[in-house]
Amino acid sequence: KTLFYWNACIRFDPYEANDEFNANEVDWAMHRKDTGEVVKFRDRLRYYNLAVPAMREWWVKTALGMLDQQAIDGVFIDAIMQINLAGYTIGKQVARAPEKEKGYWLMAEDLRRRMPKDKLLIGNALRIAFTENGNIKHLDYLDGSYLENWSFHAGRNKTAEDHARAIAGSIEVMQKALKMGRIIMLTSGPMGALEDGKFLGGQKVGHKDQASKLAAMHKDITFPLAVFLTIVEPYAYFSYHSGVDANPAKKEIWDNNVFDVLKRPLGKPLGPFKRDGYVFTRKFTKLEVMVNVMTKEAKITWYDFPKEKRR
């Protein structure tokens, strides 16, 4: 499926549709109430003023125009977890913005009502950090959710237990979404990418050459894959890569075929996961999986593979 990328609250380039936004920037961009200064994401990109009806109509019409294209199967709404925040600073709690969240809901539900029934609406919505109940309320209008930063815990002075709670919460919310008949798209980089563990589940690997990067990715795939296997069922998808660069020269980062472990058969699940504290287990006809979200230990055992090939 091919989805049109459309951010929930940040104006990204390059879109021809941005010409209309730029012409109305005084009213359509978000400004700080105290100084009148334009609010920018990472000091670079402007935020939408979601309280302005004309801006919301422009956003919806742009998405609908793309859905008229035969090659487009749906819309992917990014950054939904930011719609209730006045700004965005990685790792820090920021002020809430209820008027921004209200505007987003009006806009998103309007798009859902007006879009063709045979098109998909997926969002980057489910997240434990900075949300209530993992943001699952957004699945009322979405067909599914992409998950990133699923081991990230909000607040300062994060502990191993904080990260464990975030991962466990992510597993639980993914299972709830799948029971609702929604799509789950779990993405991850190598879990051992950074030694201090501050960005577990992030996209950075920190290796200079492609060979050492790929070796690290092979080594560290077991934990995120085990997390995925605890919830996998139809309409659940897993992507494992070291970055998000769309440069055609770097397209190998999107090729999951280099990981043999992702091509092995699972067989039928013999039930949902079982949880004992921070340990999750699940059995299939062809494998069993154990993941300890506190210690970051994981084991996947395939019954019909030689021992030397098991992980």
For the [atom1] atom of [X] and the [atom2] atom of [Y], what is their distance to the nearest 0.5 Å?
X: N292; Y: T281; atom1: CG; atom2: OG1; result: 11.5 Å
X: N7; Y: L45; atom1: CG; atom2: CG; result: 9.0 Å
X: Y303; Y: F284; atom1: OH; atom2: CZ; result: 10.0 Å
X: I167; Y: I171; atom1: CD1; atom2: CD1; result: 7.5 Å
X: Y235; Y: L178; atom1: OH; atom2: CG; result: 11.5 Å
X: T187; Y: N149; atom1: OG1; atom2: CG; result: 9.5 Å

Can [X] and [Y] be counted as an ion pair, charged N to O under 4.0 angstrom?
X: K119; Y: D143; answer: no
X: R275; Y: E172; answer: yes
X: E288; Y: K299; answer: no
X: D43; Y: K40; answer: no
X: E233; Y: R282; answer: no

Greater than 12 external heavy atoms within 6.0 Å of D276's CG: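 At most 12 heavy atoms, drawn from other residues, nucleotides or ligands, come within 6.0 Å of this atom.
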Neighbour count >12 (heavy atoms, 6.0 Å) for atom NZ, K137: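 Counting neighbours around NZ of K137, more than 12 heavy atoms of other residues, nucleotides or ligands fall under 6.0 Å, so yes.
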Derivation of the side-chain contact (heavy atoms from CB on, under 4.5 Å) call for N22 and R46: CA-CA 10 Å; N22 296 340; R46 285 162 287 181; 3.6 Å; yes
Sub-6.0 Å ring centroid separation between Y48 and Y104: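 Y48 vs Y104: aromatic centres not under 6.0 Å.
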From CA spacing to verdict: side-chain contact (heavy atoms from CB on, under 4.5 Å), R264, L287: CA-CA 10 Å; R264 296 177 185 175; L287 68 91; over 6 Å; no
Is the backbone N or O of [Y] less than 3.5 Å from a side-chain atom of [X], with the two atoms forming a donor-acceptor pair by type?
X: S188; Y: P224; result: no
X: N133; Y: N135; result: no
X: N18; Y: P14; result: no
X: D110; Y: M107; result: no
X: W59; Y: A108; result: no
X: R182; Y: M180; result: yes
X: K263; Y: N257; result: yes

Same apolar cluster (I L V M F W Y, side chains within < 4.5 Å links), F21/V60: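 Yes; tracing contacts between hydrophobic side chains, which count when under 4.5 Å, links both residues.
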Looking at every non-hydrogen atom in both residues, tell me the closest pair between [X] and [Y] and how far apart they are.
X: L67; Y: P116; value: CD1-CD, 4.1 Å
X: E25; Y: H31; value: O-CE1, 3.8 Å
X: T2; Y: A71; value: CB-O, 3.5 Å
X: C9; Y: L50; value: CB-CD1, 4.2 Å
X: I128; Y: A166; value: CG1-O, 3.5 Å
X: A125; Y: L142; value: CB-CD1, 3.8 Å

Salt bridge (Lys or Arg N to Asp or Glu O under 4.0 Å) evaluation trace for R114 with E57: CA-CA 11 Å; R114 295 163 63 180; E57 176 64 16; 3.0 Å; yes
Which word best sums up how the rings of [X] and [Y] line up, parallel for under 30°, tilted for 30 to 60°, or perpendicular for over 60°?
X: Y240; Y: F238; answer: parallel
X: F12; Y: Y5; answer: perpendicular
X: W6; Y: Y15; answer: perpendicular
X: W150; Y: F223; answer: parallel

Steps toward side-chain contact (heavy atoms from CB on, under 4.5 Å) verdict (I231, L186): CA-CA 10 Å; I231 59 91; L186 180 68; 5.9 Å; no
